[in-house]
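When reading the values below, keep in mind they use all heavy atoms of this one structure, side chains included, and skip hydrogens, waters and symmetry mates.
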Amino acid sequence: LQTTIYKLSVTDSCSITVTNSIEVKVIEVNAVFNVNYLDHSTVQFTDLSFTDVVQWDWDFGDNSGVSELQNPVYTFPDTGVFYVTLIASNEEACKDTVINPIFSYPPFNMWIPNTFTPDGDGINDAFAAIGEGFVSYEMFIFNRWGEMIFQTDSYDLRWGDGQRGILDNIPIDVYSYKLIARLPTLETKQFIGRVTVIR
């Protein structure tokens with residue numbers, strides 16, 4: 001399991017002893033890879049395995065995609081989470097395996113309403129964008145004087161969510177918003193506009 005020096009001694013019937021040592025080197029393989037999104041579902045895989053790797057066996061986790069290339073590009077046929085496996089081997093047939101979850105995203109889409117009614121009736125009580133195909137999301141809300149009155153980096157948190165008192169503290173007015181969505185390709189989409197509170 002680890003590089004070790006072994007000593008061997010041989011003694012014959014005349015009590016003559018010969019001793020020799022040998023170092024047995026264990027060449028360890030470490031399978032590692034990185035990913036770069038070329039679009040929402042096409043991924044460039046980069047092998048970072050070591051040491052002296054000569055063979056790569058990829059399984060892209062969708063029951064169809066395999067490759068023996070060192071740095072394959074693969075387009076997933078569907079959206080979701082796929083567990084990608086890399087088996088890296090060296091010349092001595094020593095192997096190591098790594099499995100990482102990879103997300104295949106839908107195409108980018110974003111819809112932003114222009115009004116909402118925080119009146120507590122359970123219909124359209126809060127404001128947020130609705131979309132898909134992005135990795136992270138930030139939203140900023142400003143009043144007519146440019147003061148930031150709400151901010152979130154959670155797609156699940158909407159302006160107006162919470163107890164009735166929060167809804168009552170949102171006066172009828174026109175507000176400005178700024179939305180920033182980051183795509184898996186590291187591209188940033190920014191949206192600036194206005195939303196009107198009505199009751």
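- For the residue pair Ala126 and Asp161, the shortest heavy atom distance occurs at CB-OD1, 3.6 Å.
- Separation of atoms CG (Leu86) and CG (Asp57) is listed at 8.0 Å; rounding is to 0.5 Å.
- Taking the six-membered ring wherever Trp is involved, the centroid distance between the rings of Phe82 and Phe76 falls below 6.0 Å.
- Between Ile198 atom CD1 and Asn124 atom CG the span is 7.5 Å, to the nearest 0.5 Å.
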Can you list the steps and then say if Trp159 with Phe116 is a side chain to side chain contact (heavy atoms under 4.5 Å, CB included)? CA-CA 10 Å; Trp159 179 36; Phe116 78 108; 3.4 Å; yes
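- Of the inter-residue distances, the one linking Asp78 atom CG with Ser104 atom OG reads 7.0 Å to the nearest 0.5 angstrom.
- Side chains of Asp156 and Ser154: a donor-acceptor N/O pair is absent below 3.5 angstrom, by distance only.
- Shortest non-hydrogen contact noted between Ala128 and Arg158 is CB-CG, 3.4 Å.
- Thr117 contributes no side-chain N or O that, together with a main-chain N or O of Arg199, makes up a donor-acceptor pair within less than 3.5 Å.
- Lys7 places none of its side-chain heavy atoms less than 4.5 Å from the side chain of Ile5.
- Asn114 meets the side chain to side chain donor-acceptor pair (under 3.5 Å) test with no other residue; sequence neighbours excluded.
- Listed by chain and number, the residues in a ring-ring contact (aromatic ring centres under 6.0 Å, His included) with Phe45 are Phe33, Trp58, Phe60 (sequence neighbours excluded).
- Looking at every heavy atom in both residues, Leu69 comes nearest to Pro72 through O-CD, 3.7 Å.
- Using a 4.5 Å cut-off between side-chain heavy atoms of Ile, Leu, Val, Met, Phe, Trp and Tyr, with links allowed through other members, Val195 and Phe150 fall into the same hydrophobic cluster.
- Under the 4.5 Å side-chain heavy-atom criterion for grouping Ile, Leu, Val, Met, Phe, Trp and Tyr, Ile112 is not connected to Phe140 through any hydrophobic cluster.
- If you chain together hydrophobic residues whose side chains sit under 4.5 Å apart, Leu157 and Ile130 fall into the same group.
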Applying side chain to side chain contact (heavy atoms under 4.5 Å, CB included), run through Tyr37 and Ile102 and close with a yes or a no. CA-CA 10 Å; Tyr37 284 84; Ile102 302 298; 3.7 Å; yes
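- Residues Met139 and Ile192 do not share a hydrophobic cluster, clusters being chains of Ile/Leu/Val/Met/Phe/Trp/Tyr side chains in contact below 4.5 Å.
- The local environment of CD in Gln2 is sparse, with at most 12 non-hydrogen atoms from other residues, nucleotides or ligands closer than 6.0 Å.
- Within 6.0 Å of the CZ atom in Phe191, the count of heavy atoms belonging to other residues, nucleotides or ligands exceeds 12.
- Using modelled atom types, no side-chain atom of Thr97 and backbone atom of Ile87 make a donor-acceptor pair closer than 3.5 Å.
- Residues passing the ring-ring contact (aromatic ring centres under 6.0 Å, His included) test with Phe108: none are found, sequence neighbours excluded.
- In terms of the salt bridge (charged side-chain N to carboxylate O under 4.0 Å, His left out) criterion, residue partners of Glu187 (sequence neighbours excluded) are, by chain and number, Lys189.
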Under 3.5 Å, side-chain donor or acceptor atoms of residues 173-185 against the rest of the protein: list the pairs with distances, not counting sequence neighbours.
| unit_1 | atom_1 | unit_2 | atom_2 | d |
| --- | --- | --- | --- | --- |
| Asp173 | OD1 | Arg144 | NE | 3.4 |
| Asp173 | OD1 | Arg144 | NH2 | 2.5 |
| Asp173 | OD2 | Arg144 | NE | 3.1 |
| Tyr175 | OH | Pro171 | O | 2.8 |
| Arg182 | NH1 | Glu138 | OE1 | 3.0 |
| Arg182 | NH2 | Glu138 | OE1 | 3.3 |

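- Looking at residues two or more places apart in sequence or on another chain, you find a side chain to side chain donor-acceptor pair (under 3.5 Å) between Asp62 and Ser64, Tyr74.
- With rounding to the nearest 0.5 Å, the separation of OG1 in Thr79 from CZ in Phe103 is 12.0 Å.
- Using a distance-only test at 3.5 Å, with no hydrogens or angles considered, a donor-acceptor pair links the side chain of Asp96 to the main chain of Ala31.
- The hydrophobic cluster containing Leu38 also includes Val73, under a criterion of side-chain heavy atoms closer than 4.5 Å among ILVMFWY residues, counted directly or through chains of members.
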Full working for side chain to side chain contact (heavy atoms under 4.5 Å, CB included) between Val43 and Asn36: CA-CA 6 Å; Val43 180; Asn36 181 37; over 6 Å; no
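- Partners of Glu28 according to the side chain to side chain donor-acceptor pair (under 3.5 Å) rule, which considers only residues two or more places apart in sequence or in another chain, do not exist here.
- A 6.0 Å sphere centred on CG of Asn63 holds no more than 12 heavy atoms belonging to other residues, nucleotides or ligands.
- Under the side chain to side chain donor-acceptor pair (under 3.5 Å) criterion, Gln151 pairs with no residue, sequence neighbours left out.
- The shortest side-chain heavy-atom distance between Val84 and Asn100 does not fall under the 4.5 Å cut-off.
- The distance from the CD1 atom of Ile27 to the CD atom of Glu91 is 9.0 Å, given to the nearest 0.5 Å.
- Ring-centre distance between Tyr105 and Phe134: not below the 6.0 Å cut-off.
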Assess the residue pair Val35 and Gln44 against the criterion (side chain to side chain contact (heavy atoms under 4.5 Å, CB included)); give the C-alpha distance rounded to whole Å, side-chain angles, the decisive distance to 0.1 Å, and a yes or no. CA-CA 6 Å; Val35 298; Gln44 166 77 65; over 6 Å; no
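- Within the 3.5 Å criterion, the main-chain N or O of Val66 finds no donor-acceptor partner in the side chain of Asp59.
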Compile the donor-acceptor pairs under 3.5 Å between side chains in residues 13-26 and protein atoms, sequence neighbours left out, one pair per line.
| unit_1 | atom_1 | unit_2 | atom_2 | d |
| --- | --- | --- | --- | --- |
| Thr17 | OG1 | Thr11 | OG1 | 2.8 |
| Thr19 | OG1 | Ser9 | OG | 3.0 |

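- Listed by chain and residue number, nothing satisfies the ring-ring contact (aromatic ring centres under 6.0 Å, His included) test with Trp56 (two or more places apart in sequence, or in another chain).
- Looking at Val29 and Val53, their side chains come closer than 4.5 Å, going by heavy atoms from C-beta outward.
- Using a 4.5 Å heavy-atom cutoff, the side chains of Thr85 and Val98 are not in contact.
- Qualifying side-chain contact (heavy atoms from CB on, under 4.5 Å) partners for Pro107, counting only residues two or more places apart in sequence or in other chains: His40.
- Residues Trp111 and Tyr137 fall within the same hydrophobic cluster, defined by Ile, Leu, Val, Met, Phe, Trp and Tyr side chains chained together at heavy-atom separations under 4.5 Å.
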